[in-house]
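In the text below, chain A, chain B and the rest are named by the order of the sequence lines, each starting its count at 1. A quick note: this is a predicted structure, and the numbers were derived from the prediction, not measured. What you see below is based on every heavy atom in this structure, not just the backbone, and it leaves out hydrogens, waters and symmetry mates.
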Amino acid sequence: MLDANLLRNDLDAVAARLADRGYVLDVAAYRSLDERRRAVLQEAEALKAERNRVSEEVGRLKRAKENADALIAQQREVGDKLKALEGAEREAEAAFRDFLAGLPNLPHASVPAGKDEHANVEVKRWGQVPAIEKPLDHVELGTKLGILDLDRAAKLSGARFAVLKGLGAKLERALIAFMLDRQAAAGYEEVIPPYLVNADSMYGTGQLPKFEQDLFKTSRGDGAPLYLIPTAEVPVTNLYRDEILAAEMLPLRHCAFTPCFRSEAGSYGKDTKGIIRQHQFHKVELVAFAAPDQAEAELERLTSNAEAILEALGLPYRRVLLCTGDMGFSSQKTYDLEVWLPSQATYREISSCSWFGDFQARRANIRFRPKDGKPAFLHTLNGSGLAVGRTWVAILENCQQPDGSIRVPEALRPYLGGLEVIR
RNA sequence: GGAGAGAUGGCCGAGCGGUUGAAGGCGCCUGACUCGAAAUCAGGUUUGGGGGUGACCUCAACGGGGGUUCGAAUCCCUCUCUCUCCGCCA
């Protein structure tokens, strides 16, 4: 959520920055909502002040055993007026808040302006793209090796689900343990959060109210619905919702392995082949909480922590700085890491590292107490470190050998009992 | 799932219709004393919204929501969570 004061003081500048990311801010609508809200608020507050004053007087009379009937009658009138205003007050407040909550974050000054992914900027390229004659894709490789079974997965759950078997399952598990160990060593404290969260949590990180159609929603009798997390970012960021952290705790870094669940109703037709885009996948997530003056450096650190996994596995990748039009709703600056996929002869997203400024912190009310000052919103960041399923795909495709076997990256072998080749 | 108890400020803990934003204690901060520290003494110490150039004024918040009342931390309803006992269970 954006700072309402910023909008009030510099509405045109905010509108211009939002326009950079393709969002048209209705300036007039915002102004009238803000003014309406303040007008109603002031009217109601004046009445409440009146009520408080007279109530006190009634109390004084009662204690002195004097008659207060006249005052009480007068109070009833104030109470009625107030009751009449109540609905308007709530409505004005909600309309204002909903409008504000619907605005995406402002892009950081260092983010290139652009309409879509074509304006993204490649800032780094690492590794040697393997020379493979007629590379097979991960579906062919995995199916032939008997470690991937998409047909039976479809029988169980439909499209966009996968079954991993034997060494395929073990490879997935090895990758999870490998990533967690590396990130723990890099200073991230591991957490295992709930995979089902309430609506407040989804609101805190920005999935709700705008993106409910991307989520799996559960129901239970009379209780409030719970949502399956689309990423560990949601429960881990919300860990500190409505809290004030001590400045010494920052930067605070967590890593978490979780399954991720995405409904993505609009995504049919994209990435239909293989397990690039699934309703359920595994991810190791990095989440950081930083003071505002630490946050920009923290984004660089977090991004290189994610890159370190790709480098340790010897997977060629590039780092891309997303342009204003391609960033997620809550982000103010995002780097995507894209891994080379031989079968597609292109780089595909395997990690997305974002700096949210105080956008999420304001929604989730996460603050810190600076050395000698008032509590202030901190900055949140997160990034995949990495998406496990896509790493699995990248290893199969990049490490494939002419006979269809897979060479296991050396760093991973201790996690597979020393196994050198999957065949 | 059944029965009962509870949820108050950074923490502990009183209050159970009328200057209680909240006693008391702990913690923390400032000052005095001291070469310095401890101890002691004095003072201070929640957050958010609105208004004002400013000193400042004002509203809201005692788990969440709703109600009763001139007035609610205090009474009623409801939801959530925690604890104890019983049942069930990976």
Side-chain angles (χ1 to χ4, degrees), chain A residues 1-9 30-101 192-204 208 218-227 235 238-250 252 259 358 361-378:
Chain A
M1 185 152 59
L2 297 177
D3 181 359
N5 280 316
L6 180 68
L7 269 82
R8 191 180 303 158
N9 296 332
Y30 177 81
R31 277 218 182 87
S32 80
L33 283 172
D34 188 29
E35 278 161 20
R36 163 93 183 133
R37 162 179 164 268
R38 279 188 289 170
V40 176
L41 197 64
Q42 281 168 36
E43 195 182 343
E45 281 192 0
L47 282 171
K48 285 179 192 169
E50 161 82 0
R51 185 189 62 188
N52 289 346
R53 219 170 13 248
V54 178
S55 276
E56 222 170 272
E57 183 61 26
V58 170
R60 209 173 356 257
L61 289 174
K62 290 258 183 186
R63 256 172 293 142
K65 308 262 192 250
E66 287 176 37
N67 186 297
D69 290 352
L71 279 182
I72 289 176
Q74 179 192 331
Q75 277 294 78
R76 262 199 202 101
E77 232 168 273
V78 177
D80 290 346
K81 268 195 236 167
L82 210 44
K83 198 153 257 173
L85 252 183
E86 229 168 53
E89 192 184 3
R90 206 174 312 189
E91 213 170 283
E93 199 71 54
F96 178 76
R97 196 173 1 89
D98 290 350
F99 187 92
L100 205 56
I192 299 183
Y195 306 148
L196 288 160
V197 299
N198 57 30
D200 283 347
S201 298
M202 287 295 182
Y203 179 87
L208 290 180
T218 68
S219 64
R220 40 171 182 174
D222 45 354
L226 291 175
Y227 296 85
N238 278 283
L239 232 34
Y240 303 104
R241 191 172 75 223
D242 295 321
E243 292 192 31
I244 301 174
L245 305 182
E248 306 85 73
M249 289 172 72
L250 305 180
L252 175 60
D358 61 13
R362 183 170 282 112
R363 290 172 88 97
N365 191 29
I366 309 171
R367 292 173 293 173
F368 77 110
R369 195 177 293 279
K371 296 285 180 294
D372 33 43
K374 287 263 168 198
F377 293 115
L378 48 70

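- Rounded to the nearest Å, the gap between the P atom of U80(B) and that of U68(B) is 23 Å.
- When the P atom is used for both G63(B) and G13(B), the distance is 15 Å, rounded to whole Å.
- For G66(B), one of the phosphate oxygens OP1 or OP2 lies less than 4.0 angstrom from a side-chain nitrogen or oxygen of Arg90(A).
- Side-chain N or O atoms of Thr218(A) include one that pairs as donor or acceptor with a backbone N or O of Leu226(A) at under 3.5 Å.
- Residues from residues 76-89 of chain A lying near RNA chain B, meaning a heavy-atom separation below 4.0 Å, are Arg76(A), Lys83(A) in numerical order.
- Spacing between atom NZ of Lys62(A) and atom C1' of G18(B) amounts to 10 Å, rounded to whole angstrom units.
- With sequence neighbours excluded, the residues that form a side-chain contact (heavy atoms from CB on, under 4.5 Å) with Pro225(A) are Lys217(A).
- Scored by the ring pair (Phe, Tyr, Trp, His ring centres under 6.0 Å) test, Tyr240(A) finds His254(A), Phe289(A) as partners (sequence neighbours excluded).
- Remark: Asp200(A) engages no residue in a side-chain hydrogen bond (donor to acceptor under 3.5 Å, both in side chains) (not counting sequence neighbours).
- Distance, Asp242(A) CG to G64(B) C1': 12 Å, rounded to whole Å.
- Stretches of at least 3 consecutive Watson-Crick or G-U wobble pairs, with each checked distance under 3.5 Å, appear in RNA chain B as B:1-7 with B:80-86, B:10-12 with B:24-26, B:27-32 with B:40-45, B:46-51 with B:56-61, B:63-67 with B:75-79.
- Listed by chain and number, the residues in a side-chain hydrogen bond (donor to acceptor under 3.5 Å, both in side chains) with Arg38(A) are Asp34(A) (sequence neighbours excluded).
- Distance, Glu56(A) CD to G21(B) C1': 14 Å, rounded to whole Å.
- Remark: Tyr30(A) engages Phe96(A), Phe99(A) in a ring pair (Phe, Tyr, Trp, His ring centres under 6.0 Å) (not counting sequence neighbours).
- Under the side-chain hydrogen bond (donor to acceptor under 3.5 Å, both in side chains) criterion, Glu45(A) pairs with no residue, sequence neighbours left out.
- Nucleic acid contact class of Arg60(A) (heavy atoms, under 4.0 Å, all strands): none.
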Response to the item:
Protein-proximity profile, nucleotides 57-62 of chain B, B/S/- by nucleotide at the 4.0 Å heavy-atom cutoff, equals -SBS--
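- Applying the side-chain hydrogen bond (donor to acceptor under 3.5 Å, both in side chains) test to Asn198(A) and every residue at least two apart in sequence or in another chain returns Ser201(A).
- Applying the salt bridge (Lys or Arg N to Asp or Glu O under 4.0 Å) definition to pairs two or more places apart or across chains, those involving residues 84-96 of chain A are Arg37(A)-Glu93(A), Lys48(A)-Glu89(A), Glu86(A)-Arg90(A).
- Sorted by first and then second residue, the salt bridge (Lys or Arg N to Asp or Glu O under 4.0 Å) pairs involving residues 49-58 of chain A (not counting sequence neighbours) are Glu50(A)-Arg53(A), Glu57(A)-Arg60(A).
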